[in-house]
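To start, the structure itself, in structure tokens.
By convention in this document, chain letters (A, B, ...) are assigned in the order of the sequence lines, proteins followed by strands, and residues within each chain are numbered from 1.
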There are 2 protein chains.
Amino acid sequence: MKIGELARATDTKVETIRYYEGAGLLAPPARTDGNYRSYGTDELLRLSFIRRARDLGFSLDEVRELLALADDRDQPCGAVDAVASSHLATIERKIADLSQMRDELARVIGGCRLGKVGDCKIIQTLEPLRGASRR
Amino acid sequence: MKIGELARATDTKVETIRYYEGAGLLAPPARTDGNYRSYGTDELLRLSFIRRARDLGFSLDEVRELLALADDRDQPCGAVDAVASSHLATIERKIADLSQMRDELARVIGGCRLGKVGDCKIIQTLEPLRGASRR
DNA sequence: GCTTGACCCTATAGTTGCTAGAGGGTGCAT
DNA sequence: ATGCACCCTCTAGCAACTATAGGGTCAAGC
Ligand SMILES: [Zn+2]
Ligand SMILES: [Zn+2]
Ligand SMILES: [Zn+2]
Ligand SMILES: [Zn+2]
């Protein structure tokens with residue numbers, strides 16, 4: 001199949017597929033006489049793998065690692081688990097950071113009485129030495 | 001004060017301060033005879049504002065907007081509230097997305113029995129079609 | 001008065017993961 | 001032969017920095 005078909009089949013943009021090839025996630029495929037990339041089922045499977053991993057938030061480096069690990073089917077899967085678990089920890093850290101941001105931001109916004117800018121709690125919070133609330 | 005002092009006072013890297021200047025968040029400051037940037041209290045306050053806004057996750061575009069709004073102290077603060085509220089909504093969307101990722105990833109990892117890669121639930125989840133019909 | 005070292009300067013490229021464009025070639029139908 | 005959808009390579013752009021390279025400045029110590 002041509003790159004456009006592969007793109008439709010995997011819900012990926014054509015440019016992204018070419019980008020993955022340049023990034024070493026997909027091997028350079030066979031070419032037609034007209035120099036078009038020509039893909040088969042293997043590439044479809046590999047790209048599906050990549051897309052699913054990306055949907056789970058894995059970085060391209062992690063995806064590369066997972067792809068390499070997936071090829072050694074008889075090895076123990078501890079390394080796979082390690083990549084996934086450390087990624088999960090990263091996501092949880094991000095959620096924690098964002099939740100703290102959300103709480104603080106919501107608190108600040110809650111203080112706004114929709115008056116003048118000079119009296120706005122949001123602005124005062126951002127202006128440390130001129131306004132009220134310090135932390 | 002020189003840029004290094006300002007950097008220490010605001011917990012910002014020197015390069016970041018210069019970057020903010022190039023990005024139009026800080027005006028080009030006065031220079032010494034030796035062509036060193038020379039900052040005063042105004043710049044310290046402005047950079048503190050920027051850092052606090054960044055800590056709350058505002059984009060540089062949003063910070064620019066907030067800085068502009070903060071200057072018109074007699075205007076109503078509705079626009080400030082709008083920027084902050086829409087940013088809060090963005091953060092909440094991010095948290096929701098990441099939480100879904102976390103749940104799915106945790107579920108997948110929970111299925112791993114630490115056997116061989118070929119039997120690993122993590123790998124199988126990423127390889128949608130291979131579980132049934134391989135090659 | 002000369003060197004050392006901490007600090008400063010500009011300009012440019014790298015990071016992540018794509019996305020968009022320019023400027024062209026291919027393949028098929030009308 | 002002409003239009004059109006699709007493909008090609010190469011380059012630049014996005015956010016928000018960060019990190020070099022290759023210099024200049026300034027005060028202290030010998
Ligand atoms: Zn990760
Ligand atoms: Zn307000
Ligand atoms: Zn925002
Ligand atoms: Zn496993």
Side-chain angles (χ1 to χ4, degrees), chain A residues 1-26 28-39 43 46-47 49-67 83 87 90-91 93-94 97-98 101, chain B residues 1-26 28-40 43 46-47 49-67 83 86-87 90-91 93-94 97-98 101:
Chain A
M1 61 171 116
K2 286 187 286 181
I3 197 169
E5 292 172 78
L6 179 62
R8 276 188 296 279
T10 56
D11 196 27
T12 308
K13 299 203 172 167
V14 166
E15 294 82 7
T16 304
I17 297 176
R18 288 196 283 247
Y19 171 76
Y20 285 164
E21 184 183 325
L25 286 155
L26 294 172
R31 298 285 182 130
T32 66
D33 286 352
N35 199 31
Y36 286 11
R37 286 173 180 80
S38 175
Y39 297 99
E43 279 108 335
R46 193 173 172 93
L47 182 52
F49 185 111
I50 295 169
R51 295 302 286 172
R52 282 169 171 253
R54 292 289 300 132
D55 284 347
L56 288 173
F58 287 103
S59 71
L60 293 190
D61 267 357
E62 287 165 338
V63 175
R64 252 183 293 267
E65 232 181 305
L66 289 172
L67 281 166
V83 170
H87 177 59
T90 301
I91 290 180
R93 221 175 311 118
K94 258 182 210 161
D97 289 352
L98 284 172
M101 246 185 218
Chain B
M1 56 166 91
K2 286 187 285 180
I3 197 169
E5 293 172 75
L6 180 61
R8 278 187 295 280
T10 57
D11 196 27
T12 308
K13 299 202 170 162
V14 166
E15 294 82 5
T16 304
I17 297 176
R18 288 196 283 247
Y19 171 76
Y20 286 163
E21 184 183 326
L25 287 153
L26 295 171
R31 298 286 184 131
T32 67
D33 286 350
N35 198 33
Y36 286 10
R37 286 174 181 79
S38 175
Y39 298 98
E43 279 107 334
R46 192 174 173 92
L47 181 52
F49 185 110
I50 296 169
R51 295 303 285 172
R52 283 171 169 251
R54 293 289 299 133
D55 283 348
L56 287 173
F58 287 103
S59 71
L60 293 190
D61 267 357
E62 286 164 339
V63 175
R64 251 183 293 267
E65 233 180 303
L66 290 172
L67 281 166
V83 169
S86 117
H87 176 59
T90 302
I91 290 179
R93 223 175 308 118
K94 259 182 210 160
D97 289 353
L98 283 172
M101 246 185 216

Salt-bridge contact Arg52(B)-Asp55(B) (side-chain N to carboxylate O under 4.0 Å):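 No, this pair does not count.
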Residues Asp97(B), Lys94(B): salt bridge by 4.0 Å N-O rule: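 Answer for the salt bridge query: no.
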Specify the separation, in whole Å, of atom [atom1] of [X] and atom [atom2] of [N].
{"X": "Ile3(B)", "N": "dT10(C)", "atom1": "CD1", "atom2": "C1'", "result": "12 Å"}
{"X": "Met1(B)", "N": "dC7(C)", "atom1": "CE", "atom2": "C1'", "result": "16 Å"}
{"X": "Arg31(B)", "N": "dT25(D)", "atom1": "CZ", "atom2": "C1'", "result": "13 Å"}
{"X": "Asp33(B)", "N": "dC7(C)", "atom1": "CG", "atom2": "P", "result": "21 Å"}
{"X": "Ile17(A)", "N": "dA20(C)", "atom1": "CD1", "atom2": "P", "result": "15 Å"}
{"X": "Glu21(A)", "N": "dT19(C)", "atom1": "CD", "atom2": "P", "result": "17 Å"}
{"X": "Lys13(A)", "N": "dC6(D)", "atom1": "NZ", "atom2": "P", "result": "15 Å"}
{"X": "Tyr39(A)", "N": "dC6(D)", "atom1": "OH", "atom2": "C1'", "result": "14 Å"}

Could you tell me whether the side chain of Arg64(A) and the main chain of Gly24(A) form a donor-acceptor pair under 3.5 Å?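 Side chain of Arg64(A) to backbone of Gly24(A): no pair is present.
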Main chain of Leu26(A), side chain of Arg46(A): is a donor-acceptor contact present, judged purely on distance under 3.5 Å?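 Between the backbone of Leu26(A) and the side chain of Arg46(A) there is no qualifying donor-acceptor contact (under 3.5 Å).
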Determine the contact category for [X]: base if any of its heavy atoms lies under 4.0 Å from a base atom, sugar-phosphate if only primed atoms, P, OP1 or OP2 are that close, otherwise nothing.
{"X": "Phe58(B)", "result": "nothing"}
{"X": "Arg18(A)", "result": "base"}
{"X": "Ser59(A)", "result": "sugar-phosphate"}

Among dC9(C), dT19(C), dT18(D), find the nucleotide with the atom closest to the side chain of Glu15(B).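 Looking only at heavy atoms from C-beta outward on Glu15(B), the closest nucleotide is dT18(D).
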Toward the 5' end of DNA chain C, by each residue's nearest nucleotide, Tyr19(A) or Tyr36(A):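 Whichever sits nearer the 5' end wins; that is Tyr19(A).
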Measure the OG1-CD1 distance between Thr16(A) and Ile3(A) for me, rounded to the nearest 0.5 Å.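 Result: 9.5 Å between the selected atoms.
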State whether [X] places a side-chain N or O below 4.0 Å from either non-bridging phosphate oxygen (OP1 or OP2) of [N].
{"X": "Arg64(A)", "N": "dG17(C)", "value": "no"}
{"X": "Arg37(B)", "N": "dT25(D)", "value": "no"}
{"X": "Arg54(B)", "N": "dA15(D)", "value": "no"}
{"X": "Thr16(B)", "N": "dT18(D)", "value": "yes"}

Along DNA chain D (nearest heavy atom to each residue), the more 5'-positioned of Arg8(A) and Tyr20(B):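 Counting from the 5' end, the first nearest nucleotide belongs to Arg8(A).
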